[in-house]
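Written below as structure tokens is the structure these notes are about.
None of these values were measured; they are calculated from a predicted model.
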Amino acid sequence: MSSSPVLVVGLGNPGPKYAGTRHNAGIALIDELCSRATPMPAQLAAHKRTNTEVAELAAGRLLPDRQVILARTRAFMNVSGGPVKALADYFRVQTEDVFVAYDELDLDLGQVKLRKGGGDHGHNGLKSVTKSLGGKPYHKLAIGIGRPPGRMAPADYVLKPFSASQQVDLTIAAADAADLWLKSV
């Protein structure tokens, strides 16, 4: 068992303009994990050194024997690698203990998938993280958002908000992603 903290980062775009959009599906996992912390839900706070919002959870609050750092970036998706690397360095997290949650077009809405290493599937946020971490394998937790309808450009689709019924599906997917993550560590 590693004594290094576990880092879980939800990728997304900052600000109220992007809240609730498909590109911020990774942040839904962070919100779910914060709600599961005991004895009370965790609160994220600004971490200026890393341009993120962070909740530091002592061993026992989420995992029995390991400290967990939950974070969401305050940088735009395409440059999220810098903040992820800064978090890993600041909290002395080994690359193999980094988990990055993100929106995945190639999974149907509500599906989740966890993998270590592998490609970025054209996701600019993952490209940035992979480059910043020096190409070392880290865990990628995909939250499915489905493909855009018709001829809508993927770049436009990911910036659209979820409908009310899709928001319910996202909430369930975030819970499923949290369960998947908890089983993997």
Under 3.5 Å, is there a donor on one side chain and an acceptor on the other for Asn13 and His23?
no
Does Met77 offer a backbone N or O that forms a donor-acceptor pair with the side chain of Ser80 under 3.5 Å?
yes
Gap between atom OG1 of Thr73 and atom CD of Glu53 - 0.5 Å precision:
9.0 Å
Using modelled atom types only, decide if a donor and an acceptor are shared between the side chain of Gln94 and the backbone of Glu96 within a distance under 3.5 Å.
no
Is it possible for you to say whether Val9 and Val79 belong to one hydrophobic cluster, with membership spreading through side-chain heavy-atom contacts below 4.5 Å?
no
Residues forming a ring pair (Phe, Tyr, Trp, His ring centres under 6.0 Å) with Phe162, sequence neighbours excluded:
none
Asp169 side, atom CG; Asp108 side, atom CG - distance, nearest 0.5 Å
10.5 Å
Is Glu32 reaching over with its side chain to a backbone N or O of Leu29, donor-acceptor style, under 3.5 angstrom?
no
Supply the atom-to-atom distance Lys140 NZ to Asp120 CG, rounded to the nearest 0.5 angstrom.
7.0 Å
Which is it for Asp179 and Arg36 under the salt bridge (charged side-chain N to carboxylate O under 4.0 Å, His left out) test, yes or no, and what are the steps along the way?
CA-CA 11 Å; Asp179 292 343; Arg36 292 185 182 199; 2.7 Å; yes
Do Leu63 and Phe99 land in one hydrophobic cluster if side-chain heavy atoms of ILVMFWY residues count as linked below 4.5 Å?
yes
Within a 6.0 Å radius of atom NZ on Lys160, are there more than 12 heavy atoms belonging to other residues, nucleotides or ligands?
no
Near Arg115 CZ, under 6.0 Å, is it more than 12 heavy atoms from other residues, nucleotides or ligands?
yes
Does one side chain, of Arg61 or Gln67, offer a donor that lies under 3.5 Å from an acceptor on the other?
no
Looking at Thr130 and Leu126, would you say the former's side chain and the latter's main chain have a donor-acceptor pair under 3.5 Å?
yes
Tell me every residue that passes ring pair (Phe, Tyr, Trp, His ring centres under 6.0 Å) with Tyr102, counting only those two or more places apart in sequence or in another chain.
His123
Pairwise distance CD1(Ile69) to NE2(His47) - rounded to 0.5 angstrom:
8.5 Å
Output yes when a side-chain donor or acceptor of Arg22 lies under 3.5 Å from a complementary backbone atom of Pro161, and no otherwise.
yes
Mind checking what makes ring pair (Phe, Tyr, Trp, His ring centres under 6.0 Å) contact with Tyr157, not counting sequence neighbours?
none
Using modelled atom types only, decide if a donor and an acceptor are shared between the side chain of Arg66 and the backbone of Ser4 within a distance under 3.5 Å.
yes
Just wondering, are more than 12 heavy atoms of other shown residues or ligands nearer than 6.0 Å to NZ in Lys136?
no
